[in-house]
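Accompanying notes for the structure given below.
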Amino acid sequence: MSLPHAILTALLEKPSSGLELTRRFDRSIGYFWSATHQQIYRELGKLEKSGLIRALPSDTPTRGQRKEYEVLPAGREELARWVSVPEDPRALRDPLPLRLRAAGVVGLGDLVAELRRHRRLHGEQLAEYREIERRDAARDRGTERDRVQRVVLRAGIDIETFWVTWLDDAIAELAQDAT
């Protein structure tokens with residue numbers, strides 16, 4: 001996934017300023033695609049320059065004021081094109097399994113403590129996703145957008161469930177060697 005497409009998606013959901021986009025990334029899109037404040041603003045400039053988005057007209061001068069952006073037809077077409085392009089799955093690039101493999105040749109050291117820390121963090125993320133799922137179930141309207149968001153949320157839940165289970169197994173297997 002690319003940042004420009006994440007921004008186009010967010011702006012099609014709701015026209016927003018750069019600050020609002022940053023907050024929305026922190027609350028939703030950021031669960032699976034993160035971006036810094038600077039990256040978002042830089043990308044907004046590129047998208048505007050390429051004619052995919054525009055700043056909404058304002059009654060007040062924009063100098064020093066926040067600009068809200070909306071997606072132009074060309075931006076919608078680009079996002080639709082990107083959605084329909086086949087793409088092969090990508091390998092997981094989390095460094096923890098690689099660090100664990102390296103520990104196989106240099107020794108575990110304090111890595112079991114790190115596995116426990118990761119287990120706690122993934123458990124917290126899983127609990128957060130499940131709370132979102134519980135909250136959203138009460139307002140589910142059955143629209144296509146609701147169904148798509150539910151599918152994406154299920155992916156997050158399943159990924160975190162994988163990590164929690166894998167880490168529980170890894171800790172159980174390796175903790176005896178760390179003592």
For His122, all residues meeting ring-ring contact (aromatic ring centres under 6.0 Å, His included), sequence neighbours excluded
Trp163
Contact summary for Glu68 and Pro15, nearest pair of heavy atoms:
OE1-O, 4.3 Å
Any salt bridge between Arg150 and Asp136, counting N to O under 4.0 Å?
no
Do Leu12 and Leu72 share a hydrophobic cluster, counting only Ile, Leu, Val, Met, Phe, Trp and Tyr and linking them when any side-chain heavy atoms are less than 4.5 Å apart?
no
Ignoring hydrogens and angles, tell me if any N or O in the side chain of Ser50 forms a donor-acceptor pair with the backbone of Leu47 under 3.5 Å.
yes
Val151, Ile157: one ILVMFWY side-chain cluster at the under-4.5 Å cut-off?
no
Using a strict cut-off of less than 4.0 Å between a Lys/Arg side-chain nitrogen and an Asp/Glu carboxylate oxygen, indicate whether Glu133 and Arg130 qualify as a salt bridge.
no
Where Ser16 and Leu21 come nearest, the two heavy atoms and their spacing
CB-CG, 4.1 Å
Is there a side-chain contact (heavy atoms from CB on, under 4.5 Å) between Glu128 and Glu160 once you walk through the steps?
CA-CA 10 Å; Glu128 187 172 342; Glu160 293 305 326; over 6 Å; no
Inter- and intrachain pairs under salt bridge (Lys or Arg N to Asp or Glu O under 4.0 Å), touching residues 34-44, at least two apart
none
Heavy-atom check, side chain of Glu48 versus side chain of Lys67, under 4.5 Å:
yes
Can you list everything that forms a side chain to side chain donor-acceptor pair (under 3.5 Å) with Arg93? Sequence neighbours excluded, please.
none
SB check Arg120 Glu124 (cutoff 4.0 Å)
yes
Honestly curious: do Val106 and Leu111 fall in one hydrophobic cluster under the side-chain, below-4.5 Å linking rule?
no
What's the shortest heavy-atom distance between Gly51 and Ala74, and which atoms?
O-CB, 3.8 Å
Quick one: pull up OG1 in Thr22 and CZ in Arg24 and give me the separation to the nearest 0.5 Å.
10.5 Å
Would you check if there is a donor-acceptor pair between the side chains of Asp146 and Thr143 at a distance under 3.5 Å?
yes
Close side-chain approach of Lys49 to Lys46, heavy-atom, < 4.5 Å:
no
Tell me, do Leu79 and Leu52 make a side-chain contact under 4.5 Å, heavy atoms counted?
no
Under the 3.5 angstrom rule, does the side chain of Gln39 hit a backbone N or O of Thr36 as a donor-acceptor pair?
yes
Where the side chain of Tyr41 meets the backbone of Leu19, is there a donor-acceptor pair that is under 3.5 Å apart?
yes
Check whether any side-chain heavy atom of Arg119 lies under 4.5 Å from a side-chain heavy atom of Ile171, and answer yes or no.
yes
Give a yes or no on this: more than 12 heavy atoms of other residues, nucleotides or ligands lie within 6.0 Å of atom CD of Glu144.
no
Would you mind writing out the side-chain donor-acceptor pairs for residues 94-104 within the sub-3.5 Å range, not counting sequence neighbours?
from, atom 1, to, atom 2, distance (Å)
Asp94, OD1, Leu96, N, 2.8
Arg99, NH1, Glu114, OE2, 3.4

Check the surroundings of atom CG in Asp169: do more than 12 heavy atoms from other residues, nucleotides or ligands lie under 6.0 Å from it?
yes
Does Leu56 form a side-chain contact (heavy atoms from CB on, under 4.5 Å) with Tyr69? I'd like the steps, not just the answer.
CA-CA 6 Å; Leu56 288 169; Tyr69 295 91; over 6 Å; no
Between Thr161 (side chain only) and Ile159 (backbone N and O only), is there a donor and an acceptor less than 3.5 Å apart?
no
Could you state whether Leu3 and Trp82 fall into the same hydrophobic cluster, counting links through intermediate Ile, Leu, Val, Met, Phe, Trp or Tyr residues with side-chain heavy atoms under 4.5 angstrom apart?
yes
May I have the step-by-step check of side-chain contact (heavy atoms from CB on, under 4.5 Å) for Leu44 and Leu11, ending in yes or no?
CA-CA 10 Å; Leu44 284 169; Leu11 289 176; 4.1 Å; yes
Using a side-chain heavy atom cutoff under 4.5 Å and only I, L, V, M, F, W and Y, what cluster partners does Leu121 have?
none
Does the pair Leu153 and Gln149 meet the rule for a side-chain contact (heavy atoms from CB on, under 4.5 Å), with working shown?
CA-CA 6 Å; Leu153 179 59; Gln149 287 178 346; over 6 Å; no
Check the pair Glu78, Arg81 against salt bridge (Lys or Arg N to Asp or Glu O under 4.0 Å), reporting the backbone distance first and the verdict last.
CA-CA 5 Å; Glu78 167 53 24; Arg81 181 208 61 77; 2.7 Å; yes
Applying salt bridge (charged side-chain N to carboxylate O under 4.0 Å, His left out), can you list everything that pairs with Arg54, at least two apart in sequence or on another chain?
Glu70
Looking at every non-hydrogen atom in both residues, tell me the closest pair between Phe25 and Ala6 and how far apart they are.
CZ-CB, 3.8 Å
